[in-house]
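Since this is a predicted model, take the numbers as computed values, not measurements. The figures that follow rest on heavy atoms only: side chains count, while hydrogens, waters and symmetry mates do not. In each ligand, atom 1 is the first atom listed, and ligand 1 is the first ligand listed.
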Amino acid sequence: MIHLKTPGEIDTIARAGAILAALYAELPDQLRPGRSTAELDEFAESFIRDYDGAEPAFKGLYGFPATLCISLNYEVVHGIPSPARRLAVGDIVSVDCGVKRNGFFADAAVTLPVGEIGEDVQRLLDITQRALEAGIAEARPGKRLGDIGAAIQAEAEGAGYGIVRDLVGHGIGRQPHEDPQVPNYGQRGKGELLRSGMVLAIEPMLNAGTARVRTLPDRWTVVTADRSVSAHFEHTVAITAAGPRILTQAYQGAVMTAGGVA
Ligand code: MG
Ligand code: MG
């Protein structure tokens, strides 16, 4: 069942999402060679908890042990931070995080380089981000879920990348995962009708090689079947009469302080 949100509820999600945007703005400085992924996780948890009432949404969710999912290189999503895992120049790092505040969830992901990366890998990052933007542009009343998926698919397949199909985006609100599922592929004009008040986490995961993935024995980390590199970008987006509103960016008009979003 799809839960439509009021404008006030959408603002509440945007305030949670602004914390993610602030966290992600710090990441380029934090992704230093030699840093462990567990250290990054500790940084993120304390960053989020500094905001009054904000909690890391993934910690404990379905038993996940950390604030961040950190997935390197051929890892697609759901990588578990570890003191033994250290960043190196040339890595790409997908960071996925959720924040819960005032009863609502926001969810976003980015993939960033550590130092210099190859041109071919940078292109994967650029196209994945562009695919997300193309999907968001379709998030309007009167469009359908298939329009979002088709727009993402066109960007990805146009560039020759594999679209992960085993994992999809989702509705979000009082629960971290709500209906509907939001696939990163689809047919224009098909699927659920998009309506004002729907809030969706749109999150393409693109692989440089095969679309196929598998899960490591830790039962969390999803990797590409051919060990090609993978990128993941995600925003939480509200469908409004005025068009798509990205909720995981700086909150317009909010006063950001060291202690939280006023
Ligand atoms: Mg996410
Ligand atoms: Mg998500």
Side-chain angles (χ1 to χ4, degrees), residues 2-3 5 10 13-14 16-25 27 37 40-41 44-45 47-48 54-72 75-81 92-101 104-112 125 128-129 131-133 135-136 139 145 148-149 152 156 163-186 192 198-207 213 215 220-223 230-239 244-249:
I2 294 174
H3 298 283
K5 280 80 184 175
I10 289 170
I13 298 171
I19 298 170
L20 282 172
L23 171 64
Y24 287 174
L27 283 182
T37 55
L40 281 178
D41 190 66
E45 178 166 2
F47 187 96
I48 291 166
E55 294 169 39
F58 294 171
K59 196 164 187 173
L61 183 67
Y62 317 124
F64 189 78
T67 293
L68 301 180
C69 296
I70 306 179
S71 310
L72 305 188
E75 297 168 352
V76 180
V77 287
H78 302 164
I80 300 173
I92 56 168
V93 185
S94 295
V95 172
D96 191 356
C97 187
V99 165
K100 183 182 186 189
R101 190 163 184 254
F104 284 85
F105 290 85
D107 187 359
V110 290
T111 303
L112 294 168
L125 304 193
T128 309
Q129 192 159 20
L132 171 59
E133 287 161 8
I136 290 171
L145 265 183
I148 294 177
I152 293 170
I163 301 167
V164 176
R165 291 177 177 244
D166 296 14
L167 297 146
V168 295
H170 49 91
I172 181 166
R174 288 190 187 276
Q175 301 298 326
H177 296 114
E178 298 184 355
D179 288 339
Q181 293 199 339
V182 183
N184 295 304
Y185 54 89
E192 187 80 35
M198 288 172 70
V199 177
L200 305 176
I202 302 174
E203 49 179 316
M205 288 151 265
L206 303 189
N207 301 342
V213 296
T215 303
W220 278 107
T221 314
V222 176
V223 299
S230 184
H232 180 207
F233 285 85
E234 176 180 28
H235 272 306
T236 296
V237 180
I239 294 167
R245 178 177 169 197
I246 297 175
L247 305 180
T248 37
Q249 62 185 1

Begin from the C-alpha positions of Leu247 and Val199 and carry the test side-chain contact (heavy atoms from CB on, under 4.5 Å) through to its verdict. CA-CA 9 Å; Leu247 305 180; Val199 177; 3.9 Å; yes
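Around the Mg ion (ligand 2), protein atoms of type N, O or S found under 2.8 Å number 4.
For Lys59, the side chain to side chain donor-acceptor pair (under 3.5 Å) partners are Glu45, not counting sequence neighbours.
Between the side chains of His235 and Glu133, not a single donor N or O lies within less than 3.5 Å of an accepting N or O. Checked by atom type, the side-chain pair His78/Tyr62 shows no donor-acceptor distance below 3.5 Å.
For the side-chain contact (heavy atoms from CB on, under 4.5 Å) with His232, the qualifying choice from Leu206, Thr111, Val95 is Thr111, the only one to do so.
Open room surrounds CD on Gln181; 12 or fewer heavy atoms of other groups in view lie less than 6.0 Å from it.
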